[in-house]
S.K.: 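After the structure tokens below, expect a handful of questions from me.
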Amino acid sequence: MSPAARYYITTAIAYANNRPGLHTLFEVIGADVIARWHRMKGDETRFLTGTDEHSVNIAQRAAELGKEPLEFANENVALFRGAEDALLISPDRFIRTIDPDHVKAVQEMVRRAHANGDIYVGTYEGWYCPAEGFKAPSDVVETSGVTRCPNHPTVTLEWLSEHNWFFRLSAYQERLERHFEEHPEFAQPDYRRNEMLGFIRGGLEDFSISRAVGTWGIPFPIMPDGSSSQRADGSWDPDAGTVYVWYDALINYVTGAGFPDDPAGFAHWWPADLHVIGKDIARFHTIYWPAMLWSAGLEAPRHVWIHGFLLTQGERMSKSLGNFLDPIDVVRALGADGARYVTLREVAFDKDTEVSWDSFVRRYNADLANDFGNLLNRTISMANRYFDGERPAVGPDAGLARVWGEALASYQDRLAGCLLHDALCALWDVVGAANRLVDAEQPWTLAKAMKAGDEAAGVKLRAVLGDLVEACRLISLAVAPFMPTAAPRALTQLGYAYPYGPDGNGGPALADELRWGAHAGEAGRLATAEPLFPRLETEAATPAAG
RNA sequence: GGCUGGGUAGCUCAGUGGCAGAGCAAGCGGCUCAUAAUCGCUAGGUCGUUGGUUCAAAUCCAACCCCAGCUACCA
């Protein structure tokens, strides 16, 4: 836990074929929180997220719309970036698989695998949809003995075989098994790790990494005879084909660290500390990816965290089912801070969770408007009224301070363990304790006694409100990774300068700021109380139709 | 089919041998600083089913019924 630690965190790159739903951005919000937490702690932090833009599917969809693939991808990427901006996502780089340095990184990874003897030309067989491309067995449907593509039911599928490059995953079975055993923290949560380990033990087959058809992809850099596919004029021989799926998408993580043209940067940032991904791509990240890295002489990432999905009425949220929440709607209703908080408080970060618009509004009102927002508001209002805006200092009673200490320890542990929903739960114990303290001490009663000349009541009142102000300061700061604009607004109302930048960089070490009474000796003036989280009427908060 | 996780209050979920819990929603009361907020109290469950082990089972064992995941090339 050195204060100058570096922390490199990534999300999966999103397939840029449509506008994003909240279920897609869920992991980006979570990773953003973890990144901000590390920035505020003082770690040198790099947060990478972006989009996956190659594939015949994208080219096909673009063609249907009468567009070039790049034009289509640009439009969708703009939708992703717009939604991420609305959610205050703070990537240090937004990577696209069309970025020139990514193309170079992919080709270099292929060359290294080739130099290491890990790729070879083999035969790939499968169903081929003339309108779309190769289809996986799980992506075709068989009706009365005829196999069809669900996207193009009138098109006759062909059984094709083509010569493709294969990656020798089978050569890495023992090493992968050993890696899982020696590093149980590598793939988490445990039940996901066990699934992956079971898969490895069941035997690993090689997988194809190139496609002969399709031009919307990264040129494969090697000809079947092993020579370079780059021609004298710098262009690539189309006969070499394109890089297929995982040898394109996964490599964004090393591109984003500086591979291969920035060796110093890459040495600094790699291996990544954490890949945050969904359960659907766990195998590719925890099995394919380490083997690909080892083949290139690189280290595996330190941790892969596998999260679950958002469900509505038992079904996975998805764009094809049309049962997804639009992140823009959620931000419009709850605000960016509210959308982030509610999403990560309602949805467990380690498993599937049932969600609904009503549950989001209920959670917003209960936790933010009623509990936390009202605590801030009543605290600031009373302190202003009873002490003419002078900020009271913490008192000698350690009651709330002790609650704070326990909650903070729990909060930190759960954040470190990627249990973001439980982390917030720990913090809200302090909100509850502070609200109960108000009722127990009845500051308004003390204020009347003080006005009547009771000096002891005045001292007590100052201490109680000082403790409440301090609890508000600490909770606001600690929750800042989740609610990055509410935190500075709260601190301003409490009469403190907010020392961190918009992305969480630049301030003092958070551990120092989160000590109870860290600013006890400093005078300050409270600002006028203004509700941070206006209460929502359920009817008024319905998302726009469509 | 095999393996894994789950089935507990109206809802979302904790709880791995010792008197069934939390939050939200509901009802009642208190308070008045506050965003019709807050604080307290109450109600609400055959712990999927059936057997078994045990002084004692939500918890351990067996069988069965549901739901979800994994069981290789979709981003």
Side-chain angles (χ1 to χ4, degrees), chain A residues 12-18 24 51-55 57-58 97 124 126 132-140 164 166-167 169 189-192 194-199 201-209 211 244-246 248-250 277-284 287-288 306 308-309 311 314-316 345-348 351-356 358-359 362-363 365-386 421-422 425 428 432 434-447 465 468 529-537:
Chain A
I13 47 176
Y15 196 42
N17 66 337
N18 208 329
T24 304
T51 43
D52 184 9
E53 305 177 31
H54 293 129
S55 87
N57 294 344
I58 296 237
T97 51
Y124 178 80
E132 196 170 337
F134 275 98
K135 306 296 292 183
S138 54
D139 277 345
V140 294
N164 284 329
F166 280 73
F167 178 76
L169 184 65
D190 268 329
Y191 75 104
R192 293 291 173 201
N194 292 338
E195 281 180 3
M196 295 303 112
L197 192 50
F199 183 86
R201 288 176 172 153
L204 297 176
E205 294 172 15
D206 301 343
F207 62 95
S208 59
I209 65 164
R211 280 292 181 272
Y244 181 61
V245 186
W246 301 113
D248 181 345
L250 291 170
I277 61 156
K279 65 183 186 182
D280 52 335
I281 50 177
R283 191 169 69 236
F284 311 113
I287 299 174
Y288 288 25
I306 302 153
F309 290 145
L311 309 177
E315 281 201 291
R316 177 184 176 181
R345 179 65 184 82
E346 275 294 290
V347 185
K351 58 186 177 185
D352 292 358
T353 305
E354 187 74 24
V355 301
S356 69
D358 283 350
S359 72
R362 266 202 304 275
R363 178 64 72 179
N365 277 339
D367 284 13
L368 295 182
N370 297 351
D371 287 349
F372 180 47
N374 187 52
L375 172 66
L376 281 165
N377 200 238
R378 69 197 308 206
T379 297
I380 294 163
S381 293
M382 285 190 284
N384 257 320
R385 175 172 311 174
Y386 302 145
H421 55 299
D422 286 336
C425 198
W428 253 247
N435 272 322
R436 284 189 292 276
L437 181 69
V438 175
D439 269 64
E441 299 294 351
Q442 301 191 2
W444 50 92
T445 305
L446 292 169
L465 285 174
L468 290 170
E530 281 180 48
L532 286 183
F533 307 104
R535 188 181 167 81
L536 296 172
E537 295 309 320

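Residue numbering restarts at 1 for every chain, and letters A, B, ... go by the order of the sequence lines. Since this is a predicted model, take the numbers as computed values, not measurements.
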S.K.: Closest-nucleotide mapping onto RNA chain B: is A:Phe199 or A:Arg345 further toward the 5' terminus? I mean the 5' end.
M.R.: A:Arg345
S.K.: Does B:U35 pair with anything, Watson-Crick or G-U wobble, both distances under 3.5 Å, and if so, with which nucleotide?
M.R.: none
S.K.: Please state how far atom CG in A:Asp190 lies from atom P in B:C70, giving the value in whole angstrom units.
M.R.: 18 Å
S.K.: Restricting to side chain to side chain contact (heavy atoms under 4.5 Å, CB included), what partner residues turn up for A:Val438, sequence neighbours left out?
M.R.: A:Arg378, A:Met382, A:Pro443, A:Trp444, A:Leu468
S.K.: Looking only at atom P, what distance separates B:G21 and B:G29, rounded to whole Å?
M.R.: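 Comparing P positions in B:G21 and B:G29 gives a spacing of 26 Å.
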S.K.: To the nearest 0.5 Å, tell me how far A:Thr353 OG1 sits from A:Glu346 CD.
M.R.: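 If we round to the nearest 0.5 Å, A:Thr353:OG1 and A:Glu346:CD are 8.5 Å apart.
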S.K.: Quick one: ring pair (Phe, Tyr, Trp, His ring centres under 6.0 Å) partners of A:Tyr386, sequence neighbours excluded?
M.R.: none
S.K.: Tell which nucleotide pairs with B:A75, taking only Watson-Crick or G-U wobble pairs whose two distances are both under 3.5 angstrom.
M.R.: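 WC or wobble partner does not exist here.
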S.K.: Taking 4.0 Å as the cut-off, does a side-chain nitrogen or oxygen of A:Tyr124 come that near to OP1 or OP2 on B:A72?
M.R.: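 Indeed not, no polar side-chain atom of A:Tyr124 lies that close.
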S.K.: Please list, chain by chain and in numerical order, all residues satisfying side chain to side chain contact (heavy atoms under 4.5 Å, CB included) with A:Asn18, sequence neighbours excluded.
M.R.: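 Side chain to side chain contact (heavy atoms under 4.5 Å, CB included) check on A:Asn18 returns A:Lys319.
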S.K.: Would you mind classifying the nucleic acid contact of A:Gly278 as base, sugar-phosphate or nothing, using non-hydrogen atoms under 4.0 angstrom?
M.R.: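 Touches nothing.
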S.K.: When you compare B:U46 with B:U8, how far apart are their P atoms, in angstrom units rounded to a whole number?
M.R.: 12 Å
S.K.: Return the set of residues passing side chain to side chain donor-acceptor pair (under 3.5 Å) with A:Asn370 (not counting sequence neighbours), or none when no residue passes.
M.R.: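 Here the qualifying residues are A:Arg535.
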S.K.: Rounding to the closest angstrom, what is the interatomic distance between B:C55 and B:A9 at atom P?
M.R.: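 About 31 Å, rounded to a whole number of Å.
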S.K.: Walk along nucleotides 33-39 of chain B from 5' to 3' and tag each nucleotide B, S or - by protein heavy-atom contact under 4.0 Å, base first, then sugar-phosphate.
M.R.: BBB-SSS
S.K.: Report the residues that fulfil side chain to side chain contact (heavy atoms under 4.5 Å, CB included) with A:Glu530, sequence neighbours left out, ordered by chain and then residue number.
M.R.: A:Gln493
S.K.: Applying a 3.5 Å limit to both distances, which nucleotide forms a Watson-Crick or G-U wobble pair with B:C19?
M.R.: none
S.K.: How long is the line joining CD1 of A:Ile58 and C1' of B:C74, in whole Å?
M.R.: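 From A:Ile58 CD1 to B:C74 C1': 12 Å.
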S.K.: Which whole number of Å gives the distance between the P atom of B:C61 and that of B:G23?
M.R.: 32 Å
S.K.: Measuring only the C1' atom in each nucleotide, how far is B:A58 from B:C74? A whole number of Å is fine.
M.R.: 40 Å
S.K.: Does any N or O in the side chain of A:Asn365 come within less than 3.5 Å of the main-chain N or O of A:Leu536, such that one atom is a donor and the other an acceptor?
M.R.: yes
S.K.: Within the side chain of A:Trp428, is there an N or O that forms a donor-acceptor pair under 3.5 Å with the backbone of A:Asp367?
M.R.: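 Answer holds: yes.
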S.K.: With rounding to the closest Å, how many angstrom separate the P atoms on B:G45 and B:U4?
M.R.: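 Pairwise P distance, B:G45 against B:U4, rounds to 35 Å.
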S.K.: Please report the distance separating the C1' of B:C13 from the corresponding atom of B:G27, rounded so that it comes out in whole Å.
M.R.: 23 Å
S.K.: Atom OH of A:Tyr244 to atom C1' of B:A72: distance rounded to whole Å?
M.R.: 12 Å
S.K.: Between B:C70 atom C1' and A:Asn194 atom CG, what is the distance in whole Å?
M.R.: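 So the CG-C1' distance, A:Asn194 to B:C70, works out to 11 Å.
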S.K.: Going by the rule side chain to side chain contact (heavy atoms under 4.5 Å, CB included), which residues pair with A:Arg211 if we only count those two or more places apart in sequence or in a different chain?
M.R.: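 Scan of A:Arg211 (side chain to side chain contact (heavy atoms under 4.5 Å, CB included), adjacent residues dropped) gives A:Tyr124, A:Phe134, A:Glu162, A:Asn164, A:Ser208, A:Thr242, A:Tyr244.
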S.K.: I'd like to check the ring pair (Phe, Tyr, Trp, His ring centres under 6.0 Å) partners of A:Phe533; sequence neighbours left out, ordered by chain and number.
M.R.: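 Result, ring pair (Phe, Tyr, Trp, His ring centres under 6.0 Å) vs A:Phe533: none returned.
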S.K.: Sort out the partner of B:A62 for me: Watson-Crick or G-U wobble, both distances under 3.5 Å, none otherwise.
M.R.: B:U50
S.K.: Checking all strands, does A:Leu204 fall into the base, sugar-phosphate, or nothing category for heavy-atom contacts under 4.0 angstrom?
M.R.: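 Base, at least one base heavy atom under 4.0 Å.
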S.K.: Among A:Arg192, A:Lys351, A:Glu195, which residue meets the side-chain contact (heavy atoms from CB on, under 4.5 Å) test with A:Ile306?
M.R.: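 Going through the options one by one, the only one that passes is A:Arg192.
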S.K.: Does A:Val355 reach a base, just sugar-phosphate, or nothing at all? Heavy atoms under 4.0 Å.
M.R.: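 Result for A:Val355 = nothing.
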S.K.: Using the C1' atom as the reference point in each nucleotide, state the distance between B:G17 and B:A56 in Å, no decimals.
M.R.: 7 Å
S.K.: Grab the CD1-P distance between A:Ile306 and B:C70 for me, whole Å please.
M.R.: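 Rounding to the nearest Å, CD1 of A:Ile306 and P of B:C70 are 11 Å apart.
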S.K.: What does the list of N/O pairs under 3.5 Å between the protein and nucleotides 66-69 of chain B look like, with a distance for each?
M.R.:
residue : atom : partner  : partner atom : Å
B:G69   : O2'  : A:Arg192 : NH1          : 2.9
B:G69   : O2'  : A:Glu195 : OE2          : 3.3

S.K.: Rounded to whole Å, how long is the line connecting atom CD1 of A:Ile277 with atom C1' of B:C74?
M.R.: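 Distance, rounded to whole Å: 15 Å.
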S.K.: Roughly how many Å is it from CH2 in A:Trp246 to C1' in B:A72, rounded to a whole number?
M.R.: 12 Å
S.K.: Once you apply the 3.5 Å cut-off to both distances, tell me the Watson-Crick or G-U wobble partner of B:A26, or none.
M.R.: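 Its partner is B:U42.
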S.K.: Now, which nucleotide makes the Watson-Crick or G-U wobble pair with B:C3, with each of the two distances under 3.5 Å?
M.R.: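 When the pairing criteria are applied, B:G69 turns out to be the nucleotide that pairs with B:C3.
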S.K.: B:A14 C1' sits how many Å from A:Asp422 CG, rounded?
M.R.: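 Rounded to the whole Å, the gap is 9 Å.
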